[in-house]
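In each ligand, atom 1 is the first atom listed, and ligand 1 is the first ligand listed. For the numbers below, each heavy atom of this structure counts, side chains included, while hydrogens, waters and symmetry mates do not. Numbering of residues begins at 1 and proceeds along the displayed sequence.
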Amino acid sequence: MNDENNEIKSKINIHWFPGHMTKAKRGMQDKLKMVDMVIELRDARIPYASRNPLIDELTQQKPRLIILTKTDKAEPNETNLWIQELQNEYTYIITLNILKDNVKKAILSASKVLMKEKIDRQIRKGMKPRAIRAMVCGVPNVGKSTLINRLANKKATITGDKPGVTRALQWVKMSSELELLDTPGVLWPKFEDEHVGMMLAVTGAINDKILPLDEIAYFALKYLKENYPERLIAHYGVELIDNNYKLFQSFGIKKGYMIRGNEVDMKRVIDTFMKEVRSDNFGKVTWEKTSEMPE
Ligand SMILES: Nc1nc2c(ncn2[C@@H]2O[C@H](COP(=O)(O)OP(=O)(O)OP(=O)(O)O)[C@@H](O)[C@H]2O)c(=O)[nH]1
Ligand SMILES: [Mg+2]
C-alpha cells in the first residue's frame with residue numbers, strides 16, 4: 001500500500017462516524033419494532049460500496065426492498081448486470097431515477113408484494129388492511145428524503161446535494177396504504193476495505209470537510225482516463241497526458257482558473273472537477289463493475 005492510500009484510510013477511519021450517526025443507529029434499532037418492512041437505497045453507480053453492513057445487521061428479520069437509485073447517472077448496461085447479480089440474494093430489487101420515475105407506483109406495488117402474506121391475513125380476519133409502515137434507509141446522500149417527498153407529493157423532509165442533510169428520524173404519511181420513516185444516512189464505524197471508502201467519497205456520501213479531496217480527485221481522474229478518456233477530452237478540450245498533476249493544470253488553464261497572474265489555482269480546479277464528477281458532466285459513469293468485484 002502506498003502513502004497516498006494510507007493517508008486516505010487513516011483520515012476516513014478517524015472522523016467518519018459522527019455523533020448523529022450513532023444516535024441514528026440507535027433510533028433505527030428502536031423504531032424497527034414498529035415497521036413492517038425496510039426500503040434500502042443503494043447508489044447504482046456504486047452498488048457494492050453503498051451496501052451498508054450496519055443495515056444488514058440491524059434489519060435481518062424484516063422483509064427488505066432494495067432500490068438502486070440515481071440510475072440516470074450510472075451506465076445502463078452495468079446497472080442491468082448488477083440487478084442480475086443482486087437478484088440471487090434478494091427477493092425484491094428495483095432501480096429508480098428518483099427525480100423522474102413513477103416512484104409511487106413502483107414502491108406501492110413492490111411493498112404490496114413483499115407484505116402480501118400479512119395483508120391477506122388481515123383480510124381473512126375481516127380487517128381493513130392497515131397502512132404498511134416502511135423504514136427508508138441507506139448511506140448518506142443516496143436519495144432517501146427525495147424519495148419520501150416524491151411519495152408524499154410535498155416537501156415533507158429536507159433534501160440536499162450533500163451528505164448528512166437528514167439528522168433525525170421522521171414519519172411521513174404517503175396515503176392510507178403507506179407510511180414511511182425517513183432516517184439519517186448512516187455509515188459504519190470502520191471501513192474494512194479502503195476501496196469502499198474511496199467509492200463513497202467519490203460519489204459524495206462522505207462529508208468533504210473530513211476528506212483529502214485532492215487524493216479523491218486523483219483517483220477519480222485515473223479511473224475516468226482509463227474508462228472514459230474520450231469524455232474527458234470532449235469536456236476539457238485538452239490532450240490526456242500521463243502526468244496527472246500536469247493534466248489538472250491544463251484543465252485549470254483551459255478554464256482560466258489562474259491566481260497571481262500565471263499560476264493555476266489548483267484548489268479551484270480540484271473542487272470544480274469533483275463537482276463535475278458527482279454531477280453528470282462526464283456522462284453516465286459506473287464506478288464499480290460487477291466483473292471487478294470480489295466474490
Ligand atoms: N440524478 C439524480 N439525483 C438524485 C436521485 N435521487 C436523489 N437525487 C439527488 O441526490 C441528492 C441527495 O438527496 P437526499 O434525498 O437529500 O438524500 P438522503 O439520502 O436523504 O441524504 P441524507 O439525509 O444526507 O442521508 C439531492 O440533490 C437529490 O436531488 C436520482 O435518482 N437521480
Ligand atoms: Mg435525508
Salt bridge check, Lys275 against Asp208: does any charged N sit closer than 4.0 Å to a carboxylate O?
no
Could you see which bit of Lys73 sits under 4.0 Å from ligand 1, with heavy atoms only: side chain, backbone, both or neither?
side chain
Any chance the side chains of Thr79 and Thr71 put a donor and an acceptor closer than 3.5 Å?
no
Under 4.0 Å from ligand 1, counting heavy atoms only, is it the side chain of Asp72, its backbone, both or neither?
side chain
I need the OG1(Thr166)-the Mg ion (ligand 2)-OG(Ser145) angle, rounded to 10 degrees.
90°
Looking at ligand 1, does Arg167 have a heavy atom less than 4.0 Å from it?
no
Looking at Glu89 and Arg51, is there a salt bridge between them, counting it only when a charged N and a carboxylate O are closer than 4.0 Å?
yes
The atoms of ligand 1 lying under 4.0 Å from a heavy atom of Gly164, numbered in the order shown, are 24 (O)
Could you tell me whether Arg268 sits above the aromatic face of Tyr257, with NZ or CZ closer than 6.0 angstrom to the six-membered ring centre and within 45 degrees of the axis?
yes
Applying side-chain contact (heavy atoms from CB on, under 4.5 Å), run through Ile206 and Leu187 and close with a yes or a no.
CA-CA 9 Å; Ile206 304 177; Leu187 296 170; 4.1 Å; yes
re atom 5 (C) of ligand 1, the protein heavy-atom contact at minimum distance is Lys70 CG, 3.7 Å
Salt-bridge contact Asp161-Arg278 (side-chain N to carboxylate O under 4.0 Å):
no
If we ignore angles and hydrogens, is there a donor and acceptor under 3.5 Å between the side chains of Tyr236 and Glu276?
yes
Identify the residue among Leu147, Thr69, Asn97, Leu108 that makes a side-chain contact (heavy atoms from CB on, under 4.5 Å) with Val103.
Leu147
Within 4.0 Å of some non-hydrogen atom of Pro140, the atoms of ligand 1 are 25 (O)
To the nearest 0.1 Å, how far is atom 16 (O) of ligand 1 from its closest protein heavy atom, and which atom is that?
Gly160 N, 3.0 Å
Pro163, portion touching ligand 1 at heavy-atom distance under 4.0 Å
backbone
Does Asp182, backbone or side chain, put an N or O under 3.5 Å from an N or O of ligand 1?
no
For ligand 1, is there an N or O atom under 3.5 Å from any N or O atom of Lys144?
yes
Run the numbers on Leu41 and Ile98 for side-chain contact (heavy atoms from CB on, under 4.5 Å), then give the verdict.
CA-CA 11 Å; Leu41 273 51; Ile98 296 178; 4.1 Å; yes
The protein heavy atom nearest to atom 31 (O) of ligand 1 is Ile98 N, 2.7 Å
Hey, are Lys125 and Asp120 close enough for a salt bridge, meaning a charged N less than 4.0 Å from a carboxylate O?
no
Among non-hydrogen protein atoms, atom 15 (O) of ligand 1 lies closest to Thr146 OG1, 2.5 Å
Criterion side-chain contact (heavy atoms from CB on, under 4.5 Å) on Arg150 and Lys104, from CA distance to verdict:
CA-CA 8 Å; Arg150 287 219 55 211; Lys104 230 175 213 177; over 6 Å; no
Pairs of nitrogen or oxygen atoms closer than 3.5 Å, one from Ile158 and one from ligand 1: do any exist?
no
Closest protein heavy atom (residue, atom, distance) for atom 21 (O) of ligand 1:
Asn141 N, 3.0 Å
Asn141 near the Mg ion (ligand 2): N/O/S under 2.8 Å
no
Going by an N to O cut-off under 4.0 Å, is there a salt bridge joining Lys289 and Glu75?
yes
Considering the heavy atoms of Asn97, write down every atom of ligand 1 situated less than 4.0 Å from one of them.
30 (C), 31 (O), 32 (N)
Distance to 0.1 Å, residue and atom name: give those for the protein heavy atom nearest to atom 7 (C) of ligand 1.
Gly143 CA, 3.7 Å
Please could you name the atoms of ligand 1 that Gly185 approaches to less than 4.0 Å, counting only its heavy atoms?
25 (O)
Salt bridge check: are Asp36 and Lys118 linked by an N-O gap of less than 4.0 Å?
yes
Check: Val165 N/O within less than 3.5 Å of ligand 1 N/O
yes
Verify whether the ring centers belonging to Phe248 and Phe273 lie closer than 6.0 Å.
yes
The Mg ion (ligand 2) contact by Thr157, N, O or S atom under 2.8 Å
no
Pull out every atom of ligand 1 sitting under 4.0 Å from any heavy atom of Lys162, numbered as shown with elements.
24 (O)
Is there a nitrogen or oxygen of Thr159 sitting under 3.5 Å from a nitrogen or oxygen of ligand 1?
no
Closest protein heavy atom (residue, atom, distance) for atom 29 (O) of ligand 1
Leu99 CD2, 3.7 Å
